[in-house]
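Labels below follow one simple rule: chain letters A, B, ... track the order of the sequence lines, proteins then strands, and each chain is numbered from 1.
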Amino acid sequence: MNTTSTNEARASLNFLEQIITNDIAEKKAGGRVHTRFPPEPNGYLHIGHAKSICLNFGLANKFNGKCNLRFDDTNPTKEEQEFVDSIKADVRWLGFDWEDREYYASDYFQQLYDFAVYIIKKGKAYVCEMSAEEISIHRGTPAIPGKLSPWRDRSVEENLDLFERMRKGEFAEGSHVLRARIDMASPNMHMRDPVMYRIMYAHHHRTGNDWCIYPMYDWAHGQSDYLERITHSICTLEFEVHRPLYDWFLDALDIKEDRPRQIEFARLNLTYTVMSKRKLLTLVQEGLVNGWDDPRMPTVSGLRRRGYTPASLRAFAERVGVAKRENVIEVGLLEHCIRENLNRNAPRAMAVFNPVKLIIDNYPEGQTEELPGTLNPEDPESGQRMIPFSKELFIERDDFMEDPPKKFFRLSPGSEVRLKYAYIIRCDSVVKDDEGKVTEIHCTYFPETKSGSGSTRKVKGTLHWVSASHAIEAEVRLYDRLFSVPEPEDPDTVPDGKDFRIHLNPGSLKIVHAYVEPALKVVEAGRHFQFERTGYFISDPDSKPGHLAFNRVVPLRDSWAKKQ
RNA sequence: UGACCGAUGGUGUAACGGUAGCACUACAGUUUUUGGAGCUGUCUGUCCAGGUUCGAAUCCUGGUCGGUCAACCA
């Protein structure tokens, strides 16, 4: 593939790779590259996080660096161990290894406290006794400068004393905060004396009741980066306006060596889905989906249950690229990535979703043949499975038309098709019920056309089938996109008083009771298959002996359906 | 309209003052015991207006459009 890697050939680098390449060339941080993935453990990871994970671990990998997993757990009222566990499982499942570098912002609470004392001593932070509402009012608006806090000019000694007493728990929640003393007239709202610490009498999932003051994100994040000797602190675009503050804190601490650098990129958006934690939570809480791992959810756990593979998600993250421009990726690209992956790796099987009986009139009553079927034509090593064939079969109702249009290559009266791995057949007649619905299709088979016999007879169509008496029943969940419009959050498409929920696709889940070939009888959960001519599927954890359940990952591309 | 950021085919993303390329999508052909997969090909693009330059997607100026920011959230 990479046959042109001469010295002249300039590799195509994204903007992050360019920055890092330059930093290495300039020997910044001694040429080290160290990134981190910093989730807040307050919810489940989604595909946007997956992009960030692939980015941070991928960059470290590419430049011989390291990537830390760091939980940004500075708000005890929102964070839980349950989410720590699920996040770790998801990152690992995606294929990344943080080795022994599992860190928590809460590990640094004492360090952060000492740093704050340092800043207070420099006269650059003060304890403010205004209420949250007062602070908000004093902050002004982007166009109007804020007003100074009456507590802004306390002595260093007084600030030190008050801050220590905050920590000791002498004050009520909300009564005091520590604020950086920056510029209440800054056009950047984040520089208008931002809060560094607030009082919260809350139990923290790791530090328990050791602390009653907790650092804010802006104060904790950059300093945590510094403590971990992070070189490139990569975050999403909305933190761009925080960067001056990120740098201000580093300056206030007189950090000159090993200064981490914040770089922002545009988060992932996907068509036909919503991505914000709040909206996903709404879907779960209102029962619009069946939990966080519902196969229609863009959560990592949902994608996993849907049947997306780690490799397909990594390939996707690679292909969407990374830049600073707002983007909406077509979900078709994601689907392409999983098809590409599963086409090479998923064994084939036959399953009939909407069966109609096909009877081969000239096939001996009671006879069964075991016919070999290639497990995966894309993989010569894959081998075969045996499929029973008999006089009565099920085929897909859609594969028969009594009065077909031109270019219909499937079965119709008088036409010939091949039954995959078996014989060419001709349709002779049909039997209908009182309502005119076809109940039986009668055919003649041609014994000399048996697959593998070297028969050169050609037909236009090939159908999948299962032997009626050998078929196993299975529950098959046909998933489709959760929303019926590309951008469900677009205000232009949402009437007043409504929200994205009106765009929920009512057909996003159809459950059918299918007939599958008997080889599938014993599959355990989590196995991928291609059901020939229909799509890729995975056996669901709901599968039990005697009750098979499959989820459709994605249908096969279908140029016939498209023409219809 | 306070500040900051961004703008390249339908969607993403490259091009670092010198041939606008790649992927997905769409379409066509080829092949095929999956109307799948594969292979080949085609269509469609530098937001606008000026300027600098032999030469501008790239640099400058001014617009336009889009995004972000006013939690004791992250």
Write out the stems for RNA chain B, ordered by first number and formatted as range with range, counting runs of at least 3 consecutive Watson-Crick or G-U wobble pairs under 3.5 Å.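 Paired runs of 3+ in RNA chain B: B:2-7 with B:64-69, B:10-13 with B:21-24, B:26-30 with B:38-42, B:47-51 with B:59-63.
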Provide the distance between the two [atom1] atoms, one in [N] and one in [M], to the nearest whole Å.
N	M	atom1	answer
rC54(B)	rU61(B)	C1'	23 Å
rC22(B)	rC60(B)	P	29 Å
rC69(B)	rU1(B)	C1'	15 Å
rA56(B)	rA49(B)	P	14 Å
rG67(B)	rG62(B)	P	23 Å
rU46(B)	rA20(B)	P	13 Å
rG51(B)	rG55(B)	P	12 Å
rU44(B)	rG9(B)	P	14 Å

Considering just the side-chain nitrogens and oxygens of [X], establish if one lies under 4.0 Å of OP1 or OP2 belonging to [N].
X	N	result
Arg344(A)	rA37(B)	no
Arg198(A)	rC73(B)	yes
Lys562(A)	rA26(B)	yes
Gln18(A)	rU13(B)	no
Arg192(A)	rA71(B)	no
Ser559(A)	rG36(B)	yes
Arg533(A)	rG35(B)	yes

Need the glycosidic conformation of rA71(B): syn if within 90° of 0, anti if not. Which one?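 Judged by the O4'-C1' to base torsion, rA71(B) sits in syn, the angle falling within 90° of 0.
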Got a sec? Which of residues 261-272 of chain A come in under 4.0 Å of RNA chain B, heavy atoms?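 Heavy-atom cutoff 4.0 Å gives no residues at all.
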Do any of residues 379-387 of chain A sit with a heavy atom less than 4.0 Å from RNA chain B, and if so which?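 By residue number: none to list.
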With heavy atoms under 4.0 Å as the rule, sort [X] into base, sugar-phosphate or nothing.
X	value
Arg418(A)	base
Pro377(A)	base
Tyr421(A)	base
Ala323(A)	sugar-phosphate
Val320(A)	sugar-phosphate
Arg410(A)	base
Phe239(A)	base
Glu326(A)	sugar-phosphate
Met166(A)	nothing
Asn14(A)	sugar-phosphate
Val322(A)	sugar-phosphate
Ser136(A)	sugar-phosphate
Ile135(A)	base
Phe408(A)	base

Want to settle it: does Asp558(A) or Val328(A) sit nearer the 5' end of RNA chain B, counting the closest nucleotide to each?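 With Asp558(A) and Val328(A) compared, the 5'-side residue is Val328(A).
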For His221(A) and for Gly332(A), find the nucleotide of RNA chain B with the closest heavy atom, then tell me which residue's nucleotide is more 5'.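 The residue closer to the strand's 5' end, by nearest nucleotide, is Gly332(A).
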Heavy-atom donor-acceptor pair, Arg198(A) side chain to Pro215(A) backbone, under 3.5 Å: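 The answer is yes, because a donor-acceptor pair under 3.5 Å joins these two groups.
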Taking the inter-plane angle between the rings of [X] and [Y] on a 0 to 90° scale, is it parallel (under 30°), tilted (30 to 60°) or perpendicular (over 60°)?
X	Y	value
His49(A)	His46(A)	tilted
His190(A)	His242(A)	tilted
Tyr113(A)	Tyr197(A)	perpendicular

If you measure from the ring centre of Trp560(A) to the centre of the six-membered ring in the base of rG35(B), is it under 5.5 Å, with the planes under 30° apart?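 One would call Trp560(A) stacked on the rG35(B) base.
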For [Y] together with [X], are the ring centres under 6.0 Å from each other?
X	Y	value
Phe531(A)	Phe537(A)	yes
Phe389(A)	Trp465(A)	yes
Phe249(A)	Phe115(A)	no
Phe37(A)	Tyr103(A)	no

Value in whole Å for how far the C1' atom of rC5(B) lies from CG of Asn188(A):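 One finds 12 Å between C1' of rC5(B) and CG of Asn188(A), rounded.
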For atom CZ of Arg267(A), decide whether the heavy atoms of other residues, nucleotides or ligands shown that lie under 6.0 angstrom number more than 12.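 No, because the 6.0 Å sphere around CZ of Arg267(A) holds 12 heavy atoms or fewer from other groups.
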Residue that, paired with Glu416(A), satisfies side-chain hydrogen bond (donor to acceptor under 3.5 Å, both in side chains) out of Lys460(A), Arg457(A), Lys458(A):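 In the set Lys460(A), Arg457(A), Lys458(A), the residue that makes a side-chain hydrogen bond (donor to acceptor under 3.5 Å, both in side chains) with Glu416(A) is Arg457(A).
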Exercise answer: donor-acceptor pairs, residues 143-151 of chain A side-chain atoms, under 3.5 Å, sequence neighbours excluded:
from      : atom 1 : to        : atom 2 : distance (Å)
Ser149(A) : OG     : Trp151(A) : N      : 3.0

Show me the side-chain donor-acceptor pairs of residues 376-385 of chain A shorter than 3.5 Å, one per line, residues at least two apart or across chains.
from      : atom 1 : to        : atom 2 : distance (Å)
Asn376(A) : OD1    : Arg348(A) : NH2    : 3.2
Asn376(A) : OD1    : Glu378(A) : N      : 2.8
Asn376(A) : ND2    : Asn343(A) : O      : 3.4
Asn376(A) : ND2    : Arg344(A) : O      : 3.1
Asp379(A) : OD1    : Glu381(A) : N      : 3.0
Ser382(A) : OG     : Asn376(A) : N      : 2.9
Ser382(A) : OG     : Asn376(A) : O      : 3.1
Ser382(A) : OG     : Asp379(A) : O      : 2.8
Arg385(A) : NE     : Glu517(A) : OE2    : 2.9
Arg385(A) : NH1    : Thr374(A) : O      : 2.9
Arg385(A) : NH2    : Glu517(A) : OE1    : 2.8

Where do Ser106(A) and Arg206(A) come nearest, in terms of heavy atoms and distance?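 Heavy-atom minimum between the residues: OG-CD, 3.7 Å.
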Given the structure, check if the side chain of [X] and the base of [N] hold any donor-acceptor pair shorter than 3.5 Å.
X	N	value
His190(A)	rA3(B)	no
Arg348(A)	rU34(B)	yes
Glu378(A)	rG38(B)	no

Can you name the residues that form a ring-ring contact (aromatic ring centres under 6.0 Å, His included) with Tyr536(A), not counting sequence neighbours?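 Result, ring-ring contact (aromatic ring centres under 6.0 Å, His included) vs Tyr536(A): none returned.
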Go through rG36(B), rC24(B), rC72(B) for me and flag the one nearest to the Arg139(A) side chain.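 Comparing rG36(B), rC24(B), rC72(B) against the side chain of Arg139(A), the answer is rC72(B).
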Is there a side-chain contact between Cys427(A) and Phe400(A) in this structure, where contact means two heavy atoms from C-beta onward sitting under 4.5 Å apart?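 In contact.
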